[in-house]
Amino acid sequence: SKPVTIIGAGLAGAEAAWQVARRGVPVKLFEMRPEKCTPAHHTGLFAELVCSNSLRAQALENAVGLLKEEMRRLDSIIMHCADKHSVPAGGALAVDRAQFAACITQILEEHPLVEIKREECLQLDYDSGIVIVASGPLTSPELSKKIREFTGHDYFYFYDAVAPIVTLESIDMDKAFWSSRYGKGGEDYLNCPMNEQEYEKFWQELAAAERAPRKEFENEKNFEGCLPIEILARRGQDTMRYGPMKPVGLVDPGTGKRPHAVVQLRKDNAAGSLLNIVGFQTHLKWSEQKRVFRMISGLEQAEFVRYGVMHRNTYVNSPKLLFPTYQTRENLQLFFAGQITGVEGYVESAASGLTAGLNAYLMTNGMKTETLPLETAHGALAHYITSADPGNFQPMNVTFGLFPPMDVRIKDKKNRYAAYAARALEKLEQWKAASECFN
Ligand code: FAD
């Protein structure tokens with residue numbers, strides 16, 4: 001059959017390509033990197049993680065843990081490579097970003113049905129066959145223009161920020177200590193404790209520090225879940241102490257007490273030689289990052305291998321434009337998948353690519369497209385982004401809040417979420433048993 005064209009080999013595009021090709025349908029996969037890079041990617045590898053190396057919580061009582069489990073059961077390439085190249089991160093699934101991306105790249109490069117085009121796609125060109133647009137939050141400007149022509153005004157953007165990475169060997173281990181909150185997950189986080197005076201001085205400098213000049217964007221719109229640390233600081237003296245710098249569940253072995261505030265760092269590679277500063281995404285000037293973040297106890301001599309940066313985040317108005325199959329309402333041959341649909345996060349992006357890939361496969365074979373049951377994380381997420389209020393549409397992480405309530409209300413939250421997860425996996429298995437994608 002005719003190949004399915006996929007634009008972008010990120011989290012969503014790589015997953016979609018895999019789902020189509022493994023079912024015997026050829027794929028033409030366009031990726032502009034490394035020839036042309038986005039402002040956040042650094043390599044030519046597929047599914048490069050541009051910021052944190054965490055795919056978030058593992059537990060099924062957490063909606064993103066459930067989403068990952070569903071993906072495993074749907075034979076996801078992203079989950080296969082993530083599980084294979086995980087690094088310790090307490091209750092989270094974090095990966096060695098280089099090994100993870102290399103694993104996905106190799107599988108797709110070696111797949112006989114995947115033709116890889118290392119070039120920038122300049123148009124949607126959906127007249128000639130099925131196209132999945134998975135060009136991500138940093139879609140190239142040329143293609144953005146074409147998408148805008150297609151969607152009209154139903155096209156948005158906002159700005160995201162990336163946290164800095166420092167080397168372990170440059171950290172003063174007499175001050176920093178390894179521990180997870182409440183002792184969960186052993187020693188997966190390196191903690192830099194601050195007393196009240198240290199914190200106050202740090203806060204003052206951070207709130208007043210100079211930000212990088214804005215480039216193509218006049219109108220900065222941040223996503224609440226990923227606010228730059230300096231913006232949090234500017235909201236008030238204690239705002240960070242209730243956010244990324246909260247000291248709860250930690251005891252400083254130096255004082256035997258809970259610190260006033262804490263900066264946590266997490267391993268960014270399998271070797272553990274690089275650490276990212278958790279929650280410290282920032283748009284400060286690089287010189288200011290070095291000056292202010294070196295005020296953190298233990299980071300006085302920190303060597304920055306990557307500074308924090310801020311970027312455009314592009315997404316379309318899915319409630320107006322898409323069906324929950326990720327097909328556009330206007331042209332069923334044209335799909336969108338990934339962050340550009342307004343799902344938020346690595347895992348959510350990959351999951352939407354998975355659903356889009358399954359449906360692209362069904363279409364090439366003249367079969368009816370399918371949506372996953374609403375009770376599953378895949379189904380709930382697709383339903384949300386295609387039925388939310390289009391006038392106020394904001395990118396969305398998967399949460400149990402998106403799921404239809406249970407018939408019987410379970411009071412205890414953990415038990416309730418466990419019940420949601422059990423129901424989801426049961427529905428998923430029933431769906432699989434009946435779906436054309438698995439038979
Ligand atoms: P991407 O993974 O970006 O893939 C899109 C691909 O399309 C890229 O490889 C790009 O090179 C390619 N491309 C673009 N235009 C073209 C074109 N015209 N022709 C050919 N190829 C093209 N999520 C998290 O869960 N955790 C985080 O820490 C996190 N941090 C983020 C930081 C930043 C700066 C940004 C922008 C987003 C972040 N996200 C994070 C959100 C999001 O989950 C990721 O961006 C994720 O990579 C989205 O997956 P995707 O497949 O939609 O896009």
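This one's a predicted model, so the numbers in the text were calculated from it and none came from an experiment. Just the heavy atoms: all of them, side chains too, but no hydrogens, waters or symmetry mates, feed the values below. As the structure lists them, so they are numbered: ligands from 1, and atoms in each ligand from 1.
Within the structure, ligand 1 has E119 among the residues with a heavy atom less than 4.0 angstrom away. Not a single heavy atom of N313 lies less than 4.0 angstrom from ligand 1.
Listed by chain and residue number, nothing satisfies the side chain to side chain donor-acceptor pair (under 3.5 Å) test with N365 (two or more places apart in sequence, or in another chain). By the salt bridge (Lys or Arg N to Asp or Glu O under 4.0 Å) test, R22 pairs with D75, sequence neighbours left out.
Scanning E15, E348, E31 for the heavy atom closest to atom 9 (O) of ligand 1 points to E31. Relative to atom 3 (O) of ligand 1, the option among Q339, H41, M32, R33 with the closest non-hydrogen atom is H41. Among F30, F46, Y315, Y346, the residue whose heavy atom lies closest to atom 24 (C) of ligand 1 is Y346.
Between F280 and F293, the ring centre distance stays below 6.0 Å. For F400 and F403, the ring centers sit closer than 6.0 Å to each other.
The G136 neighbourhood of ligand 1 comprises atoms 5 (C), 52 (O), 53 (O), with distances under 4.0 Å to a heavy atom of that residue. Of all the atoms in ligand 1, the ones that sit under 4.0 Å from a non-hydrogen atom of A12 are 51 (O). If you number the atoms of ligand 1 from 1 as listed, the ones under 4.0 Å from a heavy atom of S52 come out as 28 (O). Distances below 4.0 Å separate heavy atoms of G338 from the following atoms of ligand 1: 52 (O). Numbered from 1 in the order shown, with element, the atoms of ligand 1 that lie under 4.0 Å from a heavy atom of L143 read 18 (N). Per-residue contacts place A134 under 4.0 angstrom from the following atoms of ligand 1 (heavy atoms of the residue considered): 5 (C), 6 (C), 7 (O).
M396 is not listed as a side-chain neighbour of E348, based on a closest heavy-atom distance of 4.5 Å or more. Side-chain contact check for L11 versus Q339: every heavy-atom pair is 4.5 Å or farther apart. Inter-residue side-chain proximity for L322 and F336 is flagged as met; some heavy-atom pair is nearer than 4.5 Å.
By the criterion of a heavy-atom distance under 4.0 Å, both the backbone and the side chain of L11 are placed next to ligand 1. Residue contacts with ligand 1 for L49 are absent, since no atom lies close enough (heavy atoms, distance under 4.0 Å). The proximity of C37 to ligand 1, defined as any non-hydrogen pair under 4.0 Å, does not occur for either the backbone or the side chain. With a 4.0 Å cut-off on non-hydrogen atoms, C121 touches ligand 1 through its backbone as well as its side chain.
With respect to E149 and K146, no salt bridge is recorded, no charged nitrogen being found less than 4.0 Å from a carboxylate O. Between K285 and E210, at least one side-chain N (NZ, or NE/NH1/NH2) sits under 4.0 Å from a carboxylate O, which counts as a salt bridge.
With E48 as the fixed residue, the side chain to side chain donor-acceptor pair (under 3.5 Å) test singles out one of H41, R33, R97, H42: R33.
When only interatomic distances are considered, the shortest N/O to N/O separation between G345 and ligand 1 falls below 3.5 Å. At under 3.5 Å, not a single nitrogen or oxygen of S54, backbone or side chain, sits near a nitrogen or oxygen of ligand 1.
Annotation: F438, atom CZ; neighbour count of heavy atoms from other residues, nucleotides and ligands within 6.0 Å is above 12.
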